[in-house]
Amino acid sequence: MKKIVVSAVGCSLIDFIYPEVDFNNLSFRKYSSRKDGDGGLRPGKLVFTEELERFTDESYQNILKEITGSKSPATVNLGGPALVSMIHVSQMLDSKYFDVHLFGSIGNDEKANSILDLVRRTPLVTSDFKKTGDRPTPFTDVFSDPDFDNGHGERTFVNNIGAAWDYLPEYLDDTFYDSDIVCFGGTALVPKIHDKLAVLLSKAKKNNCITIVNTVYDFRNEKKNPGEKWPLGNDAETLKEIDLLIMDGEESLKISGKSTLNNAADYFITSGCPAFIITNGANDIFAFSGGGLFNKCDLLKLPVSKRVQAELKTEVHKKGDTTGCGDNFVGGIVASIAIQLKRKNNECCDFLESIACGVASGGFACFYIGGTYFERVRGEKIDLVRFYYDDYLRQINSK
């Protein structure tokens with residue numbers, strides 16, 4: 001029986017996670033942004049190490065010591081919208097029927113070896129990683145304030161693109177385009193892929209691939225044109241090539257150029273995007289499908305998991321951080337699509353079923369620090385996520 005193949009390209013890196021950073025503390029606030037794209041820190045946003053150094057006129061190592069109180073990271077974990085989401089996909093699928101590949105760039109350094117060692121503890125296929133150039137392996141320092149936003153938590157990211165600058169579209173071989181599903185994850189942090197997104201999506205569609213794009217904060221374009229609309233390929237033309245576009249609230253506003261989530265949703269609908277999902281932290285999710293990959297659904301507003309929220313409040317020992325919640329949300333949706341393709345052949349996928357898997361997957365990521373959960377036994381994560389998936393379906397179907 002032919003396997004369903006899922007392939008992704010995009011941001012893959014090492015996360016250094018500092019889980020107890022107070023965003024209201026003077027040591028954080030002195031490095032805070034004063035205007036869009038200036039290179040300072042903002043809760044929920046990403047900035048590049050070199051831009052933060054220019055903004056502060058200090059070395060990043062000194063900044064890091066002051067913000068963290070010279071503490072070592074609590075966790076060193078796999079990170080990046082492509083890597084984290086695809087690891088989750090690989091953990092949710094049976095390798096007898098599915099293959100999950102990730103195409104990405106790492107350096108020739110110890111961080112690269114750390115990534116490869118950690119990935120080998122997961123079912124994700126590692127053979128498509130490429131060591132490129134002399135730049136370091138990409139990494140992100142993640143500052144997490146669990147008390148921010150009335151206890152819902154938030155993170156701030158300082159990213160070093162490193163070797164991802166050297167990853168070229170030509171590195172995507174036939175394996176990528178022969179896949180059933182291709183995902184472009186956080187390509188704003190892989191510049192040469194992001195700048196050719198329109199071409200790559202068009203080629204994937206010509207090969208009859210299902211195309212999924214999940215975005216990340218695009219500091220490069222924010223720096224170039226502060227406060228202006230972010231380009232995504234050829235904008236409206238590219239949106240029509242994306243079977244499912246997944247963004248958080250801030251990203252949806254920047255990509256659409258709108259000031260409210262409702263207006264952003266209208267923009268994506270009228271632009272002809274076949275389906276999209278907008279997450280918004282602990283607030284309602286916006287979702288729309290015009291048909292095609294999924295059954296038709298008018299614009300929906302869906303809650304997050306009440307079960308997860310309740311457990312985070314009452315079971316303190318379960319509280320991790322929000323790092324990787326969005327990436328696991330994406331991974332849950334991709335895994336659900338793959339399962340439905342295997343089960344339903346040419347029928348449309350059930351949109352709510354996929355969203356429920358995403359909500360359960362993202363919610364479960366709140367119970368541990370970092371984006372990647374390392375299973376003790378194969379299949380462990382499926383059983384853990386299924387509980388929240390079943391509960392969420394009951395929640396949204398009880399209305």
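Heavy-atom minimum distance, Ala198 versus Thr238: CB-OG1, 3.4 Å. Of all heavy-atom pairs spanning Val47 and Leu41, the tightest one is CG1-CD2, 3.8 Å.
Inspection of the Ser33 and Arg42 side chains reveals an N or O donor paired with an N or O acceptor under 3.5 Å. Between the side chains of Glu66 and Ser27, no donor-acceptor pair is found at a separation under 3.5 Å. His101 and Ser7 form no side-chain donor-acceptor contact under 3.5 Å, judged by distance and modelled atom types alone. Under 3.5 Å, the side chains of Glu311 and Tyr388 contain a donor-acceptor pair of N or O atoms. Defined by atom type and a distance below 3.5 Å, a donor-acceptor pair is missing between the side-chain atoms of Ser59 and Glu53. Residues Glu110 and Ser114 have side chains that never bring a donor and an acceptor to within less than 3.5 angstrom of each other. Side-chain N/O atoms of Thr122 and Ser90 include no donor and acceptor closer than 3.5 Å. There is a side-chain donor-acceptor pair under 3.5 Å between Thr140 and Asn159. Asn283 and Lys301 are not linked by any side-chain donor-acceptor pair at a separation below 3.5 angstrom, with hydrogens and angles left out of the test.
Rounding to the nearest 0.5 Å gives a distance of 14.0 Å between OG1 of Thr260 and OH of Tyr267. To the nearest 0.5 Å, atom CD1 of residue Ile63 and atom OG1 of residue Thr56 are 3.0 Å apart. Atom-to-atom distance recorded for Leu201:CG and Lys206:NZ is 12.0 Å, nearest 0.5 angstrom. Between Asp22 atom CG and Arg29 atom CZ the span is 9.5 Å, to the nearest 0.5 Å. The structure places CD of Glu170 at 10.0 Å from NZ of Lys192, a figure rounded to the nearest 0.5 Å.
A search for side chain to side chain donor-acceptor pair (under 3.5 Å) contacts involving Asn295 returns nothing, not counting sequence neighbours. The side chain to side chain donor-acceptor pair (under 3.5 Å) search around Ser85 returns none, not counting sequence neighbours.
Counting only distance, with no hydrogens or angles, the side chain of Arg378 and the backbone of Gln91 share a donor-acceptor pair below 3.5 Å. In this structure, Glu228 contributes its side chain and Asn225 its backbone to no donor-acceptor pair below 3.5 Å. The backbone N or O of Gly332 sits nowhere less than 3.5 Å from a side-chain atom of Ser336 that would complete a donor-acceptor pair. Judged by distance alone, with hydrogens and angles left aside, the side-chain atoms of Asp173 form a donor-acceptor pair with the main-chain N or O of Thr175 at under 3.5 Å. Here the side chain of Gln395 pairs a donor or acceptor atom with the backbone of Lys306 at under 3.5 angstrom. No donor-acceptor pair under 3.5 Å is formed between the side chain of Asn207 and the backbone N or O of Cys209.
Ring geometry, Phe276 versus Phe268: the interplanar angle falls from 30° to 60°, so the pair is classed tilted. Using cut-offs of 30° and 60° on the angle between ring planes, the pair Phe176 and Phe103 is perpendicular. Classified by interplanar angle (parallel below 30°, tilted 30° to 60°, perpendicular above 60°), the ring pair Tyr18/Phe143 is tilted.
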Residue pair Tyr60, Asn160: steps toward the side-chain hydrogen bond (donor to acceptor under 3.5 Å, both in side chains) verdict: CA-CA 11 Å; Tyr60 180 61; Asn160 190 314; over 6 Å; no
CA sep, side-chain torsions, deciding dist, call: Phe364, Lys381, side chain to side chain contact (heavy atoms under 4.5 Å, CB included): CA-CA 9 Å; Phe364 179 72; Lys381 197 175 186 186; 4.2 Å; yes
For a side chain to side chain contact (heavy atoms under 4.5 Å, CB included) check, start with the C-alpha distance between Val84 and Asn328, then their side-chain angles and the critical distance, and finish with the verdict. CA-CA 7 Å; Val84 172; Asn328 279 274; 3.6 Å; yes
Test salt bridge (Lys or Arg N to Asp or Glu O under 4.0 Å) applied to Lys2 and Asp99, step by step: CA-CA 10 Å; Lys2 182 181 179 295; Asp99 279 338; over 6 Å; no
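Leu116 and Val125 end up in different hydrophobic clusters when Ile, Leu, Val, Met, Phe, Trp and Tyr side chains are linked at under 4.5 Å.
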